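Notes for the one structure printed next.
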Amino acid sequence: MGQINIDGIKKIYGLLGDDLSKEIFEKRLMYSLTGDMKFIRNVVCTIPKGREIYEKLKEHKKEIGIFGAGDVGRHLVAVYQDIEFACFIDNKRAGTVYEGLPVISLKEFKKKHADGIIIISTKLYHKEIKSQLLEEGFSEEEIINIGMEYAKLNHLQYFDLPQLKDRRAETEVFVDCGCYDGSTSLDFWEWYACSPNVCRGGVYLCMGA
C-alpha cells in the first residue's frame with residue numbers, strides 16, 4: 001500500500017468550496033480507509049433522489065427483484081448491502097447466478113414473487129422495460145425505475161451545479177476527457193445556449209474515445 005499523503009488530502013479538502021462537496025469527500029475517504037460500502041451508500045443518499053429511493057427500498061416488506069443482470073444491478077447489490085434482494089430478472093441469463101443471487105425470467109418472477117416489486121437497473125432500455133412490466137400487469141407502485149434516474153444523472157453530472165447557473169460567459173470552453181455517445185456535447189450546448197444573455201460560440205473539446 002502506498003504512503004498516505006495527509007498534507008495532500010488536507011490541501012484538497014481545503015480547496016472544496018461548499019459543505020456538500022466536503023461531506024461527499026469525507027465519505028469517499030472513509031470508504032477508501034475502511035472498504036465499507038455503507039459510506040458509498042451514504043454518498044448516494046446525499047442526492048435527494050438517491051435518498052428517496054433508498055428509503056423506499058427500506059420501507060418495502062415485499063420481495064425485490066432487479067431487472068437487468070448488469071453493472072448497475074451489481075452496484076445496487078454492493079451499495080445497498082442492508083437491502084435483501086430476492087433475485088435478478090434477465091431472460092437471456094435465466095438459470096445462472098449473478099452477484100450471489102439467482103437470475104430468473106420475468107415469467108418465473110411473476111410465479112414465485114407475485115407480490116414483489118421490481119427495480120429497473122438498465123440505463124439504455126428502461127423505457128421499454130417499464131412498458132413491458134406495465135403490460136404484464138405490474139402497477140406503477142411496484143416499479144422503481146433506477147435506470148431512468150441513472151440516465152438523468154449522467155446528463156446532469158457536469159452542468160447541474162447551482163454556482164454555474166448565472167456564470168455563463170460569452171465564450172465557454174468545456175473539455176471532456178472521454179467519449180461514449182456524444183450526449184455530453186448536446187448537454188453542454190443546451191446548458192450554454194439556454195441563457196438569454198449568451199447566444200454566441202461555445203467550444204466543446206473531447207479528448208479520448
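Remember, predicted model here, so these are calculated numbers, not experimental data.
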- Task: Report yes if the side chains of L76 and I119 come closer than 4.5 Å at any heavy-atom pair, otherwise no.
- Result: yes
- L20 and V44: same hydrophobic cluster, using ILVMFWY side-chain contacts below 4.5 Å? no
- Exam field: side chain Q81 to backbone A78, donor-acceptor pair closer than 3.5 Å: yes
- Query: Do the side chain of S121 and the main chain of F67 share a donor and acceptor less than 3.5 angstrom apart?
  - Reply: yes
- Task: For side-chain contact (heavy atoms from CB on, under 4.5 Å), just list the numbers for I47 and Y54, CA-CA rounded to whole Å, side-chain angles, deciding distance to a tenth of an Å, and then say yes or no.
- Result: CA-CA 11 Å; I47 303 169; Y54 175 65; over 6 Å; no
- Side chain to side chain, F88 and I104, heavy atoms closer than 4.5 Å: no
- Message: If you count every heavy atom of other residues, nucleotides or ligands that lies below 6.0 Å from E59 atom CD, does the total exceed 12?
- Response: yes
Residues 68-75 side chain polar contacts: donor-acceptor under 3.5 Å, at least two apart:
{"from": "D71", "atom 1": "OD1", "to": "R74", "atom 2": "NH2", "distance (Å)": "3.1"}
{"from": "H75", "atom 1": "ND1", "to": "D71", "atom 2": "O", "distance (Å)": "3.3"}

- Message: Given the ring of Y98, does R93 sit roughly above its face, with NZ or CZ under 6.0 Å from the centre of the six-membered ring and within 45° of the axis?
- Response: yes
- Task: Please assess I117 against I143 for the test side-chain contact (heavy atoms from CB on, under 4.5 Å), listing each intermediate value before the final yes or no.
- Result: CA-CA 6 Å; I117 64 171; I143 302 170; over 6 Å; no
- Query: Can you find a pair of side-chain heavy atoms, one from V97 and one from V103, that are under 4.5 Å apart?
  - Reply: no
- Query: Under a 4.0 Å N-O cut-off, is there an ion pair linking E52 with K49?
  - Reply: yes
- Task: In plain terms, say whether K112 and E63 are close enough for a salt bridge, that is, a side-chain N and a carboxylate O under 4.0 Å apart.
- Result: no
- Message: Using a strict threshold of under 4.0 Å (side-chain N to carboxylate O), is an ion pair present between D82 and K38?
- Response: no
- Message: For F39 and T34: C-alpha separation, side-chain torsions, deciding distance, then whether side-chain contact (heavy atoms from CB on, under 4.5 Å) applies.
- Response: CA-CA 9 Å; F39 293 108; T34 66; 3.4 Å; yes
- Item | Donor-acceptor contact below 3.5 Å, side chain N42 vs main chain K27 | no
